[in-house]
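Each ligand, and each atom within it, is numbered from 1 in the order the structure gives.
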Amino acid sequence: MGLFVSFEGTEGSGKSTQLALLAKRVADHGHEVISLREPGGTPIGEEIRHLLKHSAANAGMCPETELLLMNASRAQLVREVIRPALAEGKAVLCDRFFDSTLAYQVFGRCLDGTLAQRIIDYAIGDTLPDLTLLLRVPLEVSEARRAGRNSGVRDRMEEENRAFFLRVEQGYDAIASNTATRVRTIDATQTVEQVAEEIWKWVAPLITVPTAQGDRAWKTVGEYRNEAPG
Ligand code: TMP
């Protein structure tokens with residue numbers, strides 16, 4: 001059984017940088033790591049990603065289509081990559097997973113939460129992250145970082161107004177408070193090194209050294225939580 005960690009947060013929260021740092025650190029501990037992003041991560045998912053973000057034809061995309069496309073990409077990623085990798089004992093690190101749908105489509109686009117959850121459930125089945133790292137920065141920081149990294153490539157999601165991103169922030173607040181045991185919230189206004197150390201504090205205990213008897217290489221979050229302190 002492998003380890004599945006998702007990264008969440010608004011644009012410019014440093015997810016990609018931290019994911020790359022964590023991937024290196026986990027690999028340095030002798031584990032095979034797969035780094036993914038959503039939407040995307042498979043040939044089909046990357047085409048869906050283009051459609052959602054950059055395609056010249058996407059200006060009139062309605063929120064319902066957006067919800068379904070995000071989850072179409074997710075359904076493919078789960079079956080084509082994540083499940084096989086976990087079955088082989090690999091560590092899967094994913095830049096965004098289903099919490100993004102709750103933050104962006106349910107809170108941001110004001111779609112029905114119960115319906116969205118059913119669509120998410122259909123896409124992921126029982127494939128849930130062991131740990132979700134939620135990197136938080138204030139909206140102003142996110143806006144400044146987004147403006148600063150403007151690549152010149154049009155991005156439909158990033159064209160949204162401030163009210164939309166405020167609702168997305170509120171969505172992440174709700175996620176952090178509802179599922180506190182899976183989701184660990186990290187102050188991403190700290191330095192890159194400080195954030196990386198905090199992330200490692202959560203991930204390191206999930207990694208155990210495989211024994212000669214061929215035990216699993218990972219503890220489940222449940223096992224870790226149930227252990228006596230010390
Ligand atoms: P990013 O990879 O640069 O973060 O771009 C992905 C964009 O897609 C970002 O604006 C968040 C958005 N998104 C959703 O709206 N819903 C989702 O379920 C996912 C995975 C991403």
Residue Met157 vicinity, atoms of ligand 1 by number, heavy atom under 4.0 Å: 10 (O), 12 (C), 15 (O)

Which ligand 1 atoms, with their elements, are less than 4.0 angstrom from a heavy-atom of Thr101? 17 (C), 18 (O)

At under 4.0 Å between heavy atoms, which part of Glu158 makes contact with ligand 1: side chain, backbone, both or neither? neither

Do Pro129 and Phe98 have side chains that get closer than 4.5 Å, going by heavy atoms? yes

Classify the contact between Glu11 and ligand 1 as side chain, backbone, both or neither, using a heavy-atom distance cut-off of under 4.0 Å. side chain

Approximate separation, where rounding is to 0.5 Å, of Ile119 CD1 and Thr114 OG1: 11.0 Å

Looking only at protein heavy atoms, which one is nearest to atom 15 (O) of ligand 1, and what is the separation? Gln105 NE2, 2.9 Å

Nearest-neighbour protein heavy atom for atom 2 (O) of ligand 1, which is reported as residue plus atom name and distance: Arg49 NH2, 3.0 Å

Heavy-atom check, side chain of Lys90 versus side chain of Val81, under 4.5 Å: no

Would you say CZ of Arg118 has more than 12 non-hydrogen atoms from neighbouring residues, nucleotides or ligands within 6.0 angstrom? no

Indicate, as side chain, backbone, both or neither, the part of Met70 found under 4.0 angstrom from ligand 1 when only non-hydrogen atoms are considered. side chain

Would you mind reporting whether Gln18 and Ser13 have side-chain heavy atoms less than 4.5 Å apart? no

Taking only non-hydrogen atoms of Lys15 and a 4.0 Å limit, the atoms of ligand 1 in range are 4 (O)

For ligand 1, find out whether one of its N or O atoms is nearer than 3.5 Å to an N or O atom of Lys53. yes

Could you see if Tyr122 belongs to whatever hydrophobic cluster contains Ile124? Use Ile, Leu, Val, Met, Phe, Trp, Tyr and a side-chain cutoff under 4.5 Å. no

Count the heavy atoms of every other residue, nucleotide or ligand shown that sit under 6.0 Å from CD of Gln117, and state whether that count exceeds 12. yes

Using a strict cut-off of less than 4.0 Å between a Lys/Arg side-chain nitrogen and an Asp/Glu carboxylate oxygen, indicate whether Glu169 and Arg162 qualify as a salt bridge. no

Identify, by atom number and element, the atoms of ligand 1 in contact range of Glu38, meaning under 4.0 Å from any of its heavy atoms. 20 (C)

Output yes when the distance from some N or O of ligand 1 to some N or O of Arg74 is under 3.5 Å, and no in every other case. yes

For atom 4 (O) of ligand 1, what's the nearest protein heavy-atom neighbour? Residue, atom name and distance, please. Arg96 NE, 2.8 Å

